[in-house]
Amino acid sequence: MDQHVIHPEIDQDSATFWDSAREHKVKIQRCDSCGKFRFPPSPSCYYCGQIGATWKLIEGIGTVYSWIVIHHPVDKRLANEVPFIVALVEIAEGPRIVGRMHESNPENMRAGMAVQIEYTDIDSELTLINFKPAIESK
Amino acid sequence: MIVEPFHIYDMSLESDGACALLVTSSDRARDCRKMPVYVKSAAYISKATLGDPLWADSFLWPDLTENYTKLIAPKIYEEAGISVEDIDIAEIYDCFTYTVLMGLEGLGFCSKGEGGPFAASGEIGLGGTIPTNTHGGMLSEAYVHGMNVVAEAVLQLRGEGGTRQVPDARIAVVTSGATTIGSACILST
């Protein structure tokens with residue numbers, strides 16, 4: 001899937017996240033004090049305020065909390081990609097992650113539907129975390 | 001359609017404009033030319049998300065079908081000594097139509113989930129139970145970042161609403177904000 005990207009500014013808080021994505025894994029922070037997973041990466045916990053976290057690999061699955069369908073390209077370089085779906089996904093570990101949905105038909109979207117991470121390699125430096133409908137194991 | 005489900009008319013205008021609000025003590029206001037409008041209560045609220053309020057909108061706020069208005073209404077009503085039934089007009093910050101729906105529900109003008117049908121029924125129009133955004137709001141008048149929302153409440157309470165004047169407008173609720181963070185006040189004659 002074509003995906004024009006404005007490269008994220010990778011800083012000391014988020015470097016581990018982006019490094020893991022490049023390896024087709026996802027690591028997010030788990031607070032050393034209260035144990036909650038948090039996203040996006042930050043120096044302190046959104047829930048208890050403490051500094052100190054351990055990076056953990058996540059399973060890579062979740063459910064769709066909600067989604068939007070982008071029709072209007074805010075940047076003309078996106079003109080060939082619209083319409084596309086952006087989902088707000090509640091991952092199994094608790095927090096939510098935003099990502100492009102690899103699903104072309106908005107009619108197939110359902111609140112609560114199971115999704116899994118789809119890694120989208122943009123270039124040698126950057127891999128994006130996107131989502132696709134979860135593959136059912138029969 | 002811009003971003004489904006928001007159509008272009010669900011989004012406020014882009015405007016260059018200005019508003020001025022003169023805030024002073026009631027002692028001083030008594031001697032001014034214009035009839036004073038009083039701030040009966042005011043509050044600012046942010047659901048506790050330590051460290052990064054901008055992300056909180058989507059990532060941490062548990063239920064995106066409600067916003068700050070639900071949390072702030074009890075505070076401003078109690079401080080003003082009123083209940084929702086006492087309010088004559090509502091000026092709800094309308095960067096998007098969605099904030100009006102959440103505001104109508106959060107402020108208690110209708111129950112959760114009823115914002116759409118309530119608005120569609122005409123109850124928020126000039127002759128309705130709670131005339132809302134009587135100037136057309138930021139969706140139709142201009143987007144002056146909420147300042148024109150406050151200004152309209154003041155004009156209504158002063159009786160300067162012209163053809164859009166709500167008869168006997170004495171108490172107004174004014175809100176400012178979109179999702180997790182916001183402020184509100186009760187103004188009265």
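These figures come from a predicted structure and were not determined experimentally. Each chain gets a letter, A, B and so on, in the order its sequence line appears, and its residues count up from 1.
The number of heavy atoms from other shown groups lying within 6.0 Å of CD (Glu78(B)) does not exceed 12. Counted within 6.0 Å of CZ on Arg170(B), heavy atoms from surrounding residues, nucleotides or ligands total 12 or fewer; the atom is thus considered open. When the shell of 6.0 Å around NZ of Lys56(A) is examined, it contains 12 or fewer heavy atoms from other residues, nucleotides or ligands.
Here the side chains of Leu64(B) and Leu88(A) are in contact, with some heavy-atom distance below 4.5 Å.
Using a 4.5 Å cut-off between heavy atoms, Ile97(A) touches chain B through its backbone atoms (N, CA, C, O) alone.
Atoms NE2 and NE2, on His71(A) and His7(B) in that order, are 10.5 Å from each other to the nearest 0.5 Å.
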Inset, instruction - Check step by step if side-chain contact (heavy atoms from CB on, under 4.5 Å) holds for Phe6(B) and Val69(A). - result: CA-CA 9 Å; Phe6(B) 286 0; Val69(A) 185; over 6 Å; no
Legend entry - Val86(A)/Val3(B) under side-chain contact (heavy atoms from CB on, under 4.5 Å): CA gap, chis, key distance, verdict: CA-CA 10 Å; Val86(A) 176; Val3(B) 175; over 6 Å; no
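Put simply, Met138(B) and Leu21(B) are part of the same group of oily side chains (I, L, V, M, F, W, Y) that touch within less than 4.5 Å, one to the next. Met1(B) and Val82(A) fall into different hydrophobic clusters, defined by Ile, Leu, Val, Met, Phe, Trp and Tyr side-chain heavy atoms under 4.5 Å apart, directly or through other members.
Contacts with chain B were tallied for His72(A), Glu90(A), Arg38(A); His72(A) has the most, counting heavy-atom pairs under 4.5 Å.
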